[in-house]
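I'd like to ask you about the structure that follows.
Only heavy atoms go into these numbers, but all of them, side chains included; no hydrogens, no water, no symmetry mates. Just so you know, residue 1 is the first one in the sequence shown, and it goes up from there.
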Amino acid sequence: MDIGQLKKPGPHPGVLALLIVLAIVLMTGWYRESVTGTGPIHRTRAVVATVATPLGHVGGFVTRPVRNFVAWAGDLGVSRSQLEELRTENETLRSQVSELEEARLENERLKKLLDIAQAGELKVVGARVIGRMPNSWEGVITIDRGSADGIVNGMPVIGPDGLLGQTVEVVRHSAKVRLITDQRSGVAAMLQHGRATGIVRGTINGGLVLDFVSKEATVTVGDTVIASGLGGVFPKGLIIGEVTRIERDPAALHQKISVVPSGEVSALEEVLVLTEAPVVEVIQGGE
């Protein structure tokens, strides 16, 4: 027997004829009921619709998570080139945001310096800090202005918060600045409120001390120390720092006064070199 020649039996001719007759009867009945809008066929359809509608809503609710997952999975099909393009665009935007923030901070720092120069009617040259000493006991920085810009040895240098130091080694396009926190520095100073005078010098730990203040002078913690203008090197009124500690030895002729510098030197990026500095009362640091 050839199995390949076997054929599946088709539907019985009687069943097919019965289905055709049933379809004709239903169509005829539906057409006749359509005139009045009532009848067993219309009522049966309404019942089926009433039952099926809630089931459809339930089915939609049940299958929604599956459809959402299918949509999410479809998004995973983003090509590698599209991902690389999005990653590059994201890095570009982050870089632009960083550059804008850096420009904003620089503008704020420069505005503080400009306010100081304008308030004291100072003739200045702006400069950027391009070098620092690697050790903590030598307070020297390097700026990007030199003799080609009119800078000479001994010119005062100020920052946004007050006096920083003076130029000591000047070449054509750069100069070294000895900070007031350097142990070799010395600034004629005075107390802003008590008006007692002395000499501010640097210490090995990067702080300041105010020497040669008489033990009879009134000194209080928090008092502002400014340049006195004596000696003609630093203009009177430039802020140096603030008194943090006072030691009075009855056997000593002078008080031992510790001073904290007015600005954080390690964070400096821009400074002003005073090319001509008139005597002023007080030049306040940037607010």
Q.
Suppose we screen for side-chain hydrogen bond (donor to acceptor under 3.5 Å, both in side chains). Which residues come up paired with Gln166, at least two apart in sequence or across chains?
A.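 Result, side-chain hydrogen bond (donor to acceptor under 3.5 Å, both in side chains) vs Gln166: none returned.
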Q) Within the distance-only criterion (no hydrogens, no angle test), does the side chain of Asp144 pair as donor or acceptor with the backbone N or O of Arg128 below 3.5 angstrom? A)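 The answer is yes, because a donor-acceptor pair under 3.5 Å joins these two groups.
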Q: Apply side-chain contact (heavy atoms from CB on, under 4.5 Å) to the pair Val168 and Arg178, showing each step before the final yes or no.
A: CA-CA 6 Å; Val168 291; Arg178 179 175 295 151; 3.7 Å; yes
Q. If two hydrophobic side chains count as joined below 4.5 Å and joins carry through other members, does Met155 share a cluster with Val129?
A. yes
Q: Evaluate the side-chain contact (heavy atoms from CB on, under 4.5 Å) criterion for residues Val243 and Leu191: first the C-alpha distance (whole Å), next the side-chain angles of each, then the deciding distance (0.1 Å), finally the verdict.
A: CA-CA 9 Å; Val243 175; Leu191 297 170; 3.9 Å; yes
**Q.** Side chains of Ile246 and Gln255 in contact at under 4.5 Å (non-hydrogen atoms)
**A.**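 A side-chain contact exists here, since the closest heavy-atom pair is under 4.5 Å.
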Q: Identify the heavy atoms of Lys236 and Ser228 that sit nearest to each other, and give their distance.
A: CG-O, 3.5 Å
Q. Does the pair Asp223 and His193 meet the rule for a side-chain contact (heavy atoms from CB on, under 4.5 Å), with working shown?
A. CA-CA 7 Å; Asp223 199 353; His193 296 293; 3.0 Å; yes
Q: Over all heavy atoms of both residues, which pair between Thr181 and Pro261 is shortest? Give the atoms and the distance, please.
A: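 Residues Thr181 and Pro261, closest heavy atoms: CG2-CG, 3.7 Å.
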Q: Report yes if some heavy atom in the side chain of Met190 is under 4.5 Å from a heavy atom in the side chain of Arg195; otherwise report no.
A: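 They are in contact (side-chain heavy atoms under 4.5 Å apart), so the answer is yes.
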Q: Check Pro235 against Ala227 and note the closest heavy-atom contact, atom names and distance.
A: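 Smallest interatomic distance, heavy atoms only, reads O-CB, 3.4 Å.
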(Q) Membership question, hydrophobic clusters at under 4.5 Å side-chain separation (ILVMFWY): are Val152 and Val157 in the same one? (A) yes
Q. Once you round to the nearest 0.5 Å, how far does OG of Ser174 lie from CD1 of Ile130?
A. 5.5 Å
Q) Does a side-chain heavy-atom distance below 4.5 Å link Asp182 with Arg184? A) yes
Q: Check the surroundings of atom CZ in Arg248: do more than 12 heavy atoms from other residues, nucleotides or ligands lie under 6.0 Å from it?
A: yes
Q.
Could you report the tightest heavy-atom contact between Thr275 and Val124, atom names first, then the distance?
A.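 Nearest heavy atoms, Thr275 then Val124: OG1-N, 4.0 Å.
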Q: Kindly determine whether Val140 and Val177 satisfy side-chain contact (heavy atoms from CB on, under 4.5 Å), including the steps that lead there.
A: CA-CA 6 Å; Val140 177; Val177 177; over 6 Å; no
Q: Please check if Leu274 and Val233 belong to a single hydrophobic cluster, counting links between Ile, Leu, Val, Met, Phe, Trp and Tyr side chain heavy atoms closer than 4.5 Å.
A: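 Cluster IDs for Leu274 and Val233 match.
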Q. Rounded to the nearest 0.5 Å, what separation is found between the CG atom of Leu163 and the CG atom of Asp161?
A.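 So the gap between those two atoms works out to 12.0 Å.
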Q. Using 4.0 Å as the upper bound for N to carboxylate O, is an ion pair formed by Lys256 and Asp249?
A.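 Judged by the 4.0 Å cut-off on N to carboxylate O distance, Asp249 and Lys256 do not form a salt bridge.
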(Q) Whether the side chain of Thr244 engages the backbone of Ser258 through a donor-acceptor N/O pair (distance < 3.5 Å, no angle test) should be reported. (A)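 Confirmed, Thr244 side chain pairs with Ser258 backbone.
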Q) Are any of the side-chain heavy atoms of Val271 and Ile158 separated by less than 4.5 Å? A) no
Q) Donor-acceptor pair, Thr167 side chain versus Gly154 backbone, under 3.5 Å? A)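 Pair found, side chain donor or acceptor close to backbone of Gly154.
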Q) Side-chain contact, heavy-atom cut-off 4.5 Å: Val209 with Arg201? A)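 In short, these two side chains touch, coming nearer than 4.5 Å.
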Q.
Any non-hydrogen side-chain atom of Ile239 less than 4.5 Å from a side-chain atom of Thr224?
A.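 Heavy-atom side-chain distance check passes, below 4.5 Å.
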Q. Does any N or O in the side chain of Thr142 come within less than 3.5 Å of the main-chain N or O of Ala175, such that one atom is a donor and the other an acceptor?
A. no
Q: Answer yes or no: is there a donor N or O on one side and an acceptor on the other, between the side chain of Thr203 and the main chain of Gly207, under 3.5 Å?
A: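 Yes; judged by distance alone, with no hydrogens or angles, the pair exists.
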Q: Determine whether Ile240 and Val221 fall in the same hydrophobic cluster, where Ile, Leu, Val, Met, Phe, Trp and Tyr are linked whenever their side-chain heavy atoms lie under 4.5 Å apart.
A: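 Hydrophobic grouping puts Ile240 with Val221.
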**Q.** Side chain to side chain, His254 and Val213, heavy atoms closer than 4.5 Å
**A.** no
Q. Which atom pair, heavy atoms only, marks the closest approach of Ile151 to Val170?
A. O-CG1, 3.3 Å
Q | 4.5 Å side-chain heavy-atom contact, Val225 and Gln192 | A | no
Q: Write down the atom of Ala196, the atom of Ala217, and the distance for their closest heavy-atom approach.
A: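 Shortest heavy-atom contact: CB-CB, 3.7 Å.
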**Q.** Ser185 side-chain N/O to Ile180 backbone N/O, donor-acceptor pair under 3.5 Å
**A.**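 Yes, Ser185 side chain to Ile180 backbone: donor-acceptor pair under 3.5 Å.
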